[in-house]
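Here, residue 1 is the first one in the sequence, and each next residue gets the next number. The figures that follow rest on heavy atoms only: side chains count, while hydrogens, waters and symmetry mates do not.
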Amino acid sequence: MKRALTDLALFGGPEAFLRPLLVGMPTVGDRARFLARLEWALDNDWLTNGGPLTTELEGRIADLAGVRYCVATCNATAALQLVLKAAGVTGQVIMPSLTFAATPHAASWVGLEPVFCDVDPVTGCLDPARVAELITPATGAILGVHLWGRAAPVTELEKLAAEHGVKLFFDAAHAFGCTSGDRPIGSFGNAEVFSLHATKTVMAFEGGAVTTDDGELAERLVALRNFGIDRDKSVTAVGMNAKMSECSAAMGLTSLDAFDKTRVRNRENHALYRSELHGVPGIEVLPFDERERNNHQYLILLTDRAVTGLHRDRLRTVLQAEKVFPQLYFSPPCHLMPAYRTDPPLRLEHTERLSERVLALPTGPSVSFEDIRRVCSIIRLAAERGEQIEAMWAQAVPA
């Protein structure tokens, strides 16, 4: 454990870890079961184009989300694009800036204009009052994000969308298996989009899934993901190739088999992080609503430089030197990225303040309890001696 500043690798001490400790390590599950599914696909010569494994995965995800339809895709970005296109959205799409760049990219790539909205300072999700202020005749849709598995304000956003006659979708990339009230995420708005990327709790190497109760929308999605070919084999729309392969579906099913155990382990890790860092001034492990089901996929640390004397980015540097690699979720926010930055820059007070405080820490089944204790010992030392670390860093690194 780290007890003195000279113990820190940043200042010459030994690294705390022999192997890198990463955010978003893949949850493979039973490798033999995956290989058996893959062998089955190879034996049956059906490797893509809506095969039996993909169909099975769609059915299981639809059941988990509490909806009638699920359409699997090659990735979640393509799924967002398909949803916006299939729903006939035009004009502007209101969305948070505190999200991964894929959210506005999806809208931009289908000819829509992202309109960035500020968030609730506590939840990090869209603030319905700010959304209401941004709705104009040009608004075609609202796109909420369930950030870090915490549900966006679904009831308020559904009410706003209905009042103004606009579509409502949710980027649910972080929220597989989570709930809002007594309903599972995946069952809100016109449609929701899950990510099955390798870093997610349930993964398919790469993959995405759209869940909806709208049968017509689902049928259009199935056609558009396959070059616009409808059930009669006619090309009736300008589609794209966004199909999920059977290899990805085999991985998705196997990872889904392990989901309950993964969620339990994530929850245990979250509890240990909170226990180890409880009472450390200027450091908070983001809590989750115990009334809701959460996948605990993200371990979010909130830092307060005014208390610790240590910049969030410096804490990240301290951890990286120990072979612990946190992630910035999300910094900078989308409206300050070069691709979307305006002149003068748009100011989103709560978004910017929150984005400057967040570090996502390693968790998941591959992270041991001893790993967590070591990480927390580094964070405790850094938080308690923050001003000294900043001073030593300033001396070591020329301005």
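- The distance from atom OG1 of Thr308 to atom CD1 of Ile389, rounded to the nearest 0.5 Å, is 9.0 Å.
- The minimum heavy-atom distance linking Cys334 with Pro104 is given by the pair SG-CG, 3.8 Å.
- Counting heavy atoms from C-beta on, the side chains of Val119 and Pro96 come closer than 4.5 Å.
- Contact check on Arg263 versus Asp260 returns a salt bridge, with a Lys/Arg side-chain nitrogen under 4.0 Å from an Asp/Glu carboxylate oxygen.
- The 12-atom threshold is exceeded at CD of Glu163, counting heavy atoms of other residues, nucleotides or ligands nearer than 6.0 Å.
- Clustering ILVMFWY residues whenever any of their side-chain heavy atoms sit less than 4.5 angstrom apart, transitively, puts Val324 in the very cluster that holds Phe369.
- The distance from the CD1 atom of Ile283 to the OH atom of Tyr273 is 12.5 Å, given to the nearest 0.5 Å.
- Grouping the Ile, Leu, Val, Met, Phe, Trp and Tyr side chains by contacts below 4.5 angstrom, directly or via other members, places Leu8 with Leu361.
- Taking the side chain as every heavy atom from C-beta outward, Pro362 and Leu299 never approach each other to under 4.5 Å.
- For the side chain to side chain contact (heavy atoms under 4.5 Å, CB included) criterion with Thr351, the lone passing option out of Thr99, Asp118, Leu346 is Asp118.
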Legend entry - Test side-chain contact (heavy atoms from CB on, under 4.5 Å) applied to Phe17 and Val375, step by step: CA-CA 9 Å; Phe17 294 90; Val375 171; 3.8 Å; yes

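- Between Asp127 and Arg130 there is a salt bridge, since at least one side-chain N of the basic residue sits less than 4.0 Å from a carboxylate O of the acidic one.
- By the 4.0 Å N-to-carboxylate-O rule, Glu384 lies too far from Arg380 to be salt-bridged with it.
- In Arg267, the CZ atom is not crowded: 12 or fewer heavy atoms of neighbouring residues, nucleotides or ligands sit closer than 6.0 Å.
- Taking a cutoff of 4.0 Å between a charged side-chain nitrogen and a carboxylate oxygen, Arg37 and Asp257 qualify as a salt bridge.
- Using cut-offs of 30° and 60° on the angle between ring planes, the pair His270 and His296 is tilted.
- Distance alone, capped at 3.5 Å, is enough to place a donor-acceptor pair between the Asp7 side chain and the Ala4 backbone.
- Counting heavy atoms from C-beta outward, Met240 and Leu82 have side chains that approach closer than 4.5 Å.
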Inset, instruction - Decide side-chain contact (heavy atoms from CB on, under 4.5 Å) for Glu113 and Val93; before the verdict, give the C-alpha distance in whole Å, the side-chain angles of both, and the deciding distance to 0.1 Å. - result: CA-CA 6 Å; Glu113 179 187 354; Val93 181; over 6 Å; no

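- Residues Leu319 and Pro326 come closest through the heavy atom pair CD1-CG, 3.7 Å.
- Ion pairing between a basic and an acidic side chain is recognised when a charged N comes within 4.0 Å of a carboxylate O; Arg68 and Asp213 show such pairing.
- Side-chain contact between Met244 and Cys74: absent, with no pair of heavy atoms (C-beta onward) separated by less than 4.5 Å.
- Linking Ile, Leu, Val, Met, Phe, Trp and Tyr residues whenever their side-chain heavy atoms come within less than 4.5 Å places Leu21 and Leu272 in a single cluster.
- Taking the six-membered ring where the residue is Trp, the centroids of Phe100 and Tyr329 are separated by 6.0 Å or more.
- Of the possible polar contacts, one joining the Arg225 side chain to the Ala72 backbone as a donor-acceptor pair under 3.5 Å is found.
- Using a cutoff of 4.0 Å between basic side-chain nitrogens and carboxylate oxygens, Lys167 and Glu158 are not scored as salt-bridged.
- Ring pair Phe288/Tyr298: centre-to-centre distance not below 6.0 Å.
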For residues 143-153, dump all side-chain donor-acceptor pairs below 3.5 Å to protein atoms at least two apart in sequence or in another chain.
unit_1 : atom_1 : unit_2 : atom_2 : d
His146 : ND1    : Ala152 : N      : 2.9
His146 : NE2    : Glu192 : OE1    : 2.8
Arg150 : NH1    : Val122 : O      : 3.2

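- Asn294 places a side-chain heavy atom less than 4.5 Å from the side chain of Cys178.
- By the neighbour-count criterion of 12 heavy atoms within 6.0 Å, atom NZ of Lys243 is densely surrounded, having more than that number from other residues, nucleotides or ligands.
- Counted within 6.0 Å of CD on Gln320, heavy atoms from surrounding residues, nucleotides or ligands total more than 12; the atom is thus considered enclosed.
- For the pair Glu356 and Arg312, the salt-bridge criterion is not met [side-chain N within less than 4.0 Å of a carboxylate O].
- With respect to His335, the side-chain hydrogen bond (donor to acceptor under 3.5 Å, both in side chains) criterion is satisfied by exactly one of Glu352, Arg341, Arg347: Glu352.
- A salt bridge links Glu219 to Arg231: at least one charged side-chain nitrogen sits closer than 4.0 Å to a carboxylate oxygen.
- Side-chain contact of His197 with Thr199: a donor-acceptor pair under 3.5 Å is present, judged by distance alone.
- Within 6.0 Å of atom CZ in Phe325, more than 12 heavy atoms from other residues, nucleotides or ligands are found, so the atom counts as buried in its surroundings.
- Salt bridge Asp371/Arg19: present, at least one basic N to carboxylate O contact under 4.0 Å.
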